[in-house]
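Everything numeric in this text was worked out from a predicted model, so none of it was measured. Each chain gets a letter, A, B and so on, in the order its sequence line appears, and its residues count up from 1. Atom set for the values below is all heavy atoms of this structure, side chains included, hydrogens, waters and symmetry mates excluded.
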There are 2 protein chains.
Amino acid sequence: MTSSLQSTEERILKAAKKVFHRKGFEGARMQEIADEAGINKALLHYYFRSKENLFEAVFRDAFLELTGYAKTVFLSDNPIKEKIHKFLGYYIAILNENSYIPWFILNAIYTRPGTMKAIFDNAELNPPELMAHLQHQIKTEYGSEINPFHMWLNVLSLSIFPVIAKPLIREIFQLPEDAYKQILEQRKTEVPQFIANALKGYEQSDSMIE
Amino acid sequence: MTSSLQSTEERILKAAKKVFHRKGFEGARMQEIADEAGINKALLHYYFRSKENLFEAVFRDAFLELTGYAKTVFLSDNPIKEKIHKFLGYYIAILNENSYIPWFILNAIYTRPGTMKAIFDNAELNPPELMAHLQHQIKTEYGSEINPFHMWLNVLSLSIFPVIAKPLIREIFQLPEDAYKQILEQRKTEVPQFIANALKGYEQSDSMIE
DNA sequence: GATCGGTTAAACTATTTGGTTAATCTATAC
DNA sequence: GTATAGATTAACCAAATAGTTTAACCGATC
């Protein structure tokens, strides 16, 4: 039953993901990860010396995956509306399956800020480049000097918050899982539309200028 | 040094807030709360029998404070743009001082969903009423059948996410505390403008209809 | 000055938890 | 076949932690 399709290390990482994503560093138990991986607890320490190490590996994976795609999309050559649409599609798809990820990332940053800095630096996000790119694109497509940072932050907010807040909103509105899935599905088209409309609005009344 | 301006119970609650907000349930230590309150650990259990009880009290306070104001603002008689402005002003002000609150709320919901349900029910949020109110207002002010749920969720996203994600974004952009404070300050006017522009856009091209 | 609620200090319990160790198993090389 | 190195296990350890108990203390009030 050792299912050697995956190496032990892969099995551990997969199990660690599952547990850390749902419970964070403090809430996760090494024993639970071992059980989830179907191995002995000692073997966990054999592969990853400490809880800290294992957590870092899990965080790195999640962080690089999320930022990696965002970087690709935002720096691509598509028109803005298309970018936003792709971004939303990707995130909603991924996060529908694994909706704990953004919470997990935030959690890690809040509770273990020191540990994370090295990983940030590794991600090579180059924000100035991104901002310059967006600013240029906004000017070309909409003839407007909208502050690209606020624009970018708006896109992120509209994409990610509804996923993070899912359990809260589901509880408040008494929505079943499927209903919320459908709402997120709608947002794949609604949000780009919403933002495009806002951008049109700026053509007449310029604001959002720093 | 017993600073009897506050009752012991108040001192405990204040200390518990500070610790729970920053570390969540799992990360918080009863000893640390006792120290923070300047009292004995036994006294903690004398007032609040268990960690669970104390946590619930802290969560209740935070949750009711946050939702209470949101309810008031969204159901008030101001025009939409004004509502959004007020909402943002309030949240950015509160959360600038105490930026852990939204993370703490989410944290509680993710890690202790069972414990929270009773408190939800107690908050008397009445979402259908809110939605009906917003829908009517949007129609009156903008003559458009925009889905009020998406609109409401957009406002929340644009308001709350930038606060939750503060440590992440500060790290990515290498921004000092003050710079980010200033950004949030800008958003008090930028976001209502952004949304108003989007709403204007809907007057021509209707979407966001369910 | 006895009583009583609030408070402290300290020892203690029971349990959990990250981490370690020494032995065992398994597969490959010789 | 058996020696060897790596993978895996069961048992164990030390520290931390929530919660309890007990005895004493303090200040107000009766």
Side-chain angles (χ1 to χ4, degrees), chain A residues 1-60 104 107-108 110-116, chain B residues 1-60 104 107-108 110-116:
Chain A
M1 192 51 98
T2 19
S3 139
S4 48
L5 290 176
Q6 300 168 52
S7 71
T8 304
E9 189 169 343
E10 280 168 336
R11 287 227 309 288
I12 292 177
L13 261 177
K14 197 175 163 187
K17 253 181 212 178
K18 193 168 173 182
V19 176
F20 276 132
H21 282 187
R22 277 167 182 67
K23 312 206 168 176
F25 182 84
E26 300 278 0
R29 299 287 163 251
M30 294 297 266
Q31 185 60 58
E32 194 182 348
I33 295 173
D35 291 347
E36 181 72 36
I39 57 156
N40 189 285
K41 185 161 65 90
L43 204 54
L44 235 55
H45 289 89
Y46 178 75
Y47 279 91
F48 302 83
R49 302 167 51 96
S50 66
K51 190 184 185 181
E52 182 69 41
N53 279 348
L54 187 51
F55 183 78
E56 266 187 48
V58 170
F59 179 84
R60 176 174 287 111
F104 164 74
N107 219 14
Y110 269 93
T111 58
R112 315 187 71 68
T115 325
M116 312 287 85
Chain B
M1 193 52 98
T2 18
S3 136
S4 47
L5 290 175
Q6 302 168 50
S7 71
T8 303
E9 189 168 343
E10 280 168 338
R11 288 227 309 287
I12 292 177
L13 263 177
K14 196 175 164 188
K17 251 181 215 179
K18 193 167 172 183
V19 177
F20 276 134
H21 282 187
R22 276 164 181 68
K23 312 207 169 174
F25 183 85
E26 301 277 359
R29 298 287 165 251
M30 293 297 266
Q31 186 60 58
E32 192 182 348
I33 295 173
D35 291 347
E36 180 73 35
I39 56 154
N40 192 287
K41 184 159 68 95
L43 204 56
L44 232 58
H45 288 89
Y46 179 74
Y47 278 91
F48 302 82
R49 299 168 53 95
S50 65
K51 189 182 185 182
E52 181 69 40
N53 280 347
L54 187 51
F55 183 78
E56 264 186 50
V58 170
F59 179 83
R60 177 175 288 112
F104 165 74
N107 220 14
Y110 269 92
T111 57
R112 315 187 71 69
T115 326
M116 313 288 82

Quick one: does NZ or CZ of B:R112 land under 6.0 Å from the six-membered ring centre of B:F25, within 45 degrees of the ring axis?
-> yes
Of all the choices, D:dA18, C:dG19, D:dT9, which nucleotide is nearest to the side chain of B:H45 once you look at every atom?
-> D:dA18
Charged N to carboxylate O under 4.0 angstrom, B:E36 versus B:R29?
-> no
B:A42 has its side chain closest, among C:dT8, D:dA10, C:dT7, to C:dT8
Rounded to whole angstrom units, what separation is found between the CD atom of A:E26 and the P atom of C:dT16?
-> 18 Å
B:R29 side-chain proximity, nearest of D:dA18, D:dA7, C:dA9 | D:dA18
What is the nucleic acid contact for A:Y47, judged by heavy atoms within less than 4.0 Å: base, sugar-phosphate only, or nothing?
-> sugar-phosphate
Would you say a side-chain N or O of A:T8 is under 4.0 Å from OP1 or OP2 of D:dT8?
-> yes
Would you kindly give the CZ-to-C1' distance between B:F55 and D:dA18, to the nearest whole Å?
-> 16 Å
What's the shortest heavy-atom distance between B:A57 and B:L13, and which atoms?
-> CB-CD2, 4.0 Å
Please determine, for the side chain of A:M30, which listed nucleotide (D:dG19, C:dG19, D:dT8) has the closest atom?
-> C:dG19
More than 12 heavy atoms of other groups within 6.0 Å of A:K23 NZ | no
Rounded to the Å, how far apart are A:I39 CD1 and D:dA7 P?
-> 13 Å
Separation of atom CD in B:E9 from atom C1' in C:dG6, rounded to whole Å | 13 Å
Verdict with reasoning, B:F55 to B:F104, per ring-ring contact (aromatic ring centres under 6.0 Å, His included) | CA-CA 11 Å; B:F55 183 78; B:F104 165 74; 5.6 Å; yes
To the nearest angstrom, how far is B:L43 atom CG from D:dG19 atom P?
-> 15 Å
Under the 3.5 Å rule, do the base of D:dG19 and the side chain of B:K51 count as making a donor-acceptor pair?
-> no
Think B:Y46 has a side-chain N or O under 4.0 angstrom from the OP1 or OP2 of C:dG6?
-> yes
For the pair made of NZ in B:K41 and C1' in D:dA18, what is the distance, rounded to whole Å?
-> 6 Å
In whole angstroms, the gap separating P of D:dT8 from CG of A:N40 amounts to 10 Å
Would you mind classifying the nucleic acid contact of B:A28 as base, sugar-phosphate or nothing, using non-hydrogen atoms under 4.0 angstrom?
-> sugar-phosphate
Value in whole Å for how far the C1' atom of D:dA11 lies from CD of A:Q31 | 13 Å
